[in-house]
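Right, one structure below, let's go through it.
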Protein chains: 2
Amino acid sequence: MESRRDVFQAIADPTRRAIIMLLAVSAMTPNGLAEHFNSSRQAVSKHLQILTECEVVSPESRGREIFYHINTQKMTEIEKWLEQFKLLMSRKFDQLDNVLNKLQNRKQ
Amino acid sequence: MESRRDVFQAIADPTRRAIIMLLAVSAMTPNGLAEHFNSSRQAVSKHLQILTECEVVSPESRGREIFYHINTQKMTEIEKWLEQFKLLMSRKFDQLDNVLNKLQNRKQ
DNA sequence: CAATTGTGCAACCAAATAATTGCATTATAT
DNA sequence: ATATAATGCAATTATTTGGTTGCACAATTG
């Protein structure tokens, strides 16, 4: 539970993805979240720790409860990466188009 | 190297993300890919195996070489999940809006 | 003040991961 | 036919992961 700590690592685990979805609807406490899963409260707490470390989530203390909120901003990193990917893909098709155009020009 | 085999697991590893980006530009062989990394060819081959298993990539044999292509379709699963997430987030704001509207109506 | 509640943290453990090295196999080239 | 190149597969290993239990500690309740 130490090293690689980024958004992609954060969403790799299905339980963490479920936590993210729940928190997207409303901020919740570890106990509140744990009710939705089979694993123990401490297990959920560990996931929250990981999510906090990569800033996907941030804790807000209210009395003895801690509400965890989604950090939307961090989630956009995934989107950025996907955009980059799609850009590279589209360029590939552009190059293919160029090849096809040249072939067509030769035929003319 | 057995169990969880989905797109999110696929993009969790930074080397695999790099491989995906390279293949987004053009199909490549394991040897060709390995030149871009410090790790051994076999290590890259294992990543390709994982990427193949979750259908992010597919192999095309040409003589003794194997060209790996990106399977764009599978990448959209990530996008779908992100869309779902953003939908939940927007609904949260809608609910907040509703609350604010009701408060405003009371003041009227 | 004592009991309870909500939480984090440490120690521990089984399983999975990423990487290595050493082969076996197939296709090409000489 | 033999050498070489491109690749996959198996065994091994260190590290990381995800989970558990048991505890400590602060806030709340009675």
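Order of the sequence lines fixes the chain letters, A, B, ..., with proteins taken first and strands second; residue numbering starts at 1 for each chain. Quick caveat, the model's predicted, so the values are computed rather than measured.
- Judged by distance alone with a 3.5 Å cut-off, a donor-acceptor contact links the side chain of B/Gln42 to the base of C/dG22.
- In this structure, CE of B/Met28 is placed 13 Å from P of D/dA6, rounded to the nearest angstrom.
- Map A/Ser45 and B/Asn38 each onto its nearest nucleotide of DNA chain C; the residue landing nearer the 5' end is A/Ser45.
- Spacing between atom CD of A/Glu35 and atom P of C/dT7 amounts to 10 Å, rounded to whole angstrom units.
- B/Phe37 places its CZ atom 14 Å from the P atom of C/dA18, with the value rounded to the nearest Å.
- For the pair A/Arg41 and A/Arg62, both in contact range of DNA chain D, the more 5′-proximal nearest nucleotide belongs to A/Arg41.
- In this structure, B/Arg16 contributes its side chain and B/Ala10 its backbone to a donor-acceptor pair below 3.5 Å.
- A/Arg17 places a side-chain N or O within donor-acceptor distance of the main-chain N or O of A/Ala12, the cut-off being under 3.5 Å.
- Rounded to whole Å, atom P of D/dC9 lies 11 Å from atom NZ of B/Lys46.
- In the set C/dG8, C/dA19, C/dT21, the nucleotide with an atom closest to the side chain of A/Tyr68 is C/dG8.
- Between the C1' atom of C/dG8 and the CG atom of A/Leu51 lies a distance of 16 Å, rounded to the nearest Å.
- Of the candidates C/dT7, D/dG19, D/dT7, the closest approach to any side-chain atom of B/Pro30 belongs to D/dT7.
- The closest donor-acceptor contact from the side chain of B/Asn71 to the backbone of B/Val57 lies at 3.5 Å or more, if one exists at all.
- Between B/His47 and C/dT17, a side-chain N or O to OP1/OP2 separation shorter than 4.0 Å is absent.
- The residue B/Arg16 sits close only to the backbone: its heavy atoms come under 4.0 Å of sugar-phosphate atoms, none of a base.
- Distance from the side chain of A/Gln49 is smallest to C/dC9 among C/dC9, D/dT7, D/dT17.
- In this structure, A/Gln9 places its CD atom 16 Å from P of C/dA16, rounding to the nearest Å.
- Between the CD1 atom of A/Ile70 and the CD1 atom of A/Ile20 there is a distance of 5.5 Å, given to the nearest 0.5 Å.
- Taking for each of A/Arg64 and B/Phe67 the nucleotide of DNA chain D with the nearest heavy atom, the 5'-most of the two is the partner of B/Phe67.
- Between A/Ser39 and the phosphate of D/dG18, there is no side-chain N or O to OP1/OP2 separation shorter than 4.0 Å.
- For B/Ala43, the side-chain atoms get nearest to C/dT20 when compared with the rest of C/dA18, C/dT20, D/dT21.
- Remark: the backbone N or O of A/Glu79 is not paired with any side-chain donor or acceptor of A/Thr76 at under 3.5 angstrom.
- Taking atom CD1 on B/Ile66 and atom C1' on C/dT28, their separation rounds to 15 Å, with Å as the unit.
- For A/Glu60 and C/dT7, the CD to C1' distance is 15 Å, given to the nearest whole Å.
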